[in-house]
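The residues of the chain are indexed from 1 along the displayed sequence.
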Amino acid sequence: GDFDFIKELFELYKQNFDEKKSLLETAITTKHEKNSILYSHEFKGSSGNIGAEAAKKISERIEKACREGKFDLAETLLGEWRETIEATWE
């Protein structure tokens, strides 16, 4: 039923995070504007899709920092981002 669907959404979200977190981290640490915006935007959207508002907001802050070329700020936000997203499925 609905519970199984929701559980599956969370599993896909976690799988996506596990597969792509290093892509976002690398994009930010190498100051790759296009990829850092792309991956942070993707995490913002997927977090919003499952109702993970805190994860959505931190992803949005990272995306904004990358759009403004503030990669040092984006990099400092990565720790909070990881903790927030991991707390989503705990």
For this session: Run the numbers on Lys21 and Tyr39 for side chain to side chain contact (heavy atoms under 4.5 Å, CB included), then give the verdict.
Result: CA-CA 8 Å; Lys21 70 180 175 185; Tyr39 294 124; over 6 Å; no
Hydrophobic cluster membership, [X] vs [Y], 4.5 Å side-chain cutoff:
X	Y	answer
Ile28	Leu73	yes
Trp81	Phe71	no
Leu12	Ile6	no

So how far is it from [X] [atom1] to [Y] [atom2], rounded to the nearest 0.5 Å?
X	Y	atom1	atom2	value
Lys56	Arg61	NZ	CZ	15.0 Å
Leu38	Glu63	CG	CD	9.5 Å
Ile50	Thr88	CD1	OG1	5.5 Å
Lys20	Leu24	NZ	CG	11.0 Å
Leu77	Glu60	CG	CD	12.0 Å
Leu78	Ile62	CG	CD1	5.0 Å

Problem set entry | Chi angles and distances behind the salt bridge (charged side-chain N to carboxylate O under 4.0 Å, His left out) call for Glu25, Arg82 | CA-CA 10 Å; Glu25 293 166 344; Arg82 276 189 300 276; 2.6 Å; yes
Exercise. With distance as the sole test, does Thr26 use its side chain to make a donor-acceptor pair with the main-chain N or O of Leu23 at under 3.5 Å?
Worked result: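 Absent.
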For this session: Please name the pair of heavy atoms, one in Glu33 and one in Cys66, separated by the smallest distance, quoted to 0.1 Å.
Result: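 The answer is CG-O, 4.2 Å.
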For this session: Would you name the heavy atoms of Ser59 and Ser47 that are closest together and state the gap between them?
Result: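 Looks like OG-OG, 4.4 Å.
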Exercise. Between Thr84 and Lys57, is a side chain to side chain contact (heavy atoms under 4.5 Å, CB included) present by the stated rule, with each step listed?
Worked result: CA-CA 10 Å; Thr84 303; Lys57 287 180 181 173; over 6 Å; no
Problem set entry | Identified side-chain contact (heavy atoms from CB on, under 4.5 Å) partner of Lys7 from the options Phe3, Phe5, Phe10 |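 Of the listed residues Phe3, Phe5, Phe10, the side-chain contact (heavy atoms from CB on, under 4.5 Å) partner of Lys7 is Phe3.
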For this session: State whether the number of non-hydrogen atoms from other residues, nucleotides or ligands found under 6.0 Å of Glu68 atom CD is greater than 12.
Result: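 Yes - once you tally the heavy atoms of other residues, nucleotides and ligands closer than 6.0 Å, there are more than 12.
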Exercise. For atom NZ of Lys70, is the number of surrounding heavy atoms from other residues, nucleotides or ligands below 6.0 Å larger than 12?
Worked result: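 For Lys70, atom NZ is not crowded (no more than 12 foreign heavy atoms under 6.0 Å).
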For this session: Using only heavy-atom distances, determine whether the side chains of Glu11 and Gln15 contain a donor-acceptor pair under 3.5 Å.
Result: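 No, no side-chain donor-acceptor pair sits under 3.5 Å.
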Exercise. So Ile58 and Phe43, side chain to side chain contact (heavy atoms under 4.5 Å, CB included) or not? Walk me through it.
Worked result: CA-CA 9 Å; Ile58 188 69; Phe43 279 113; over 6 Å; no
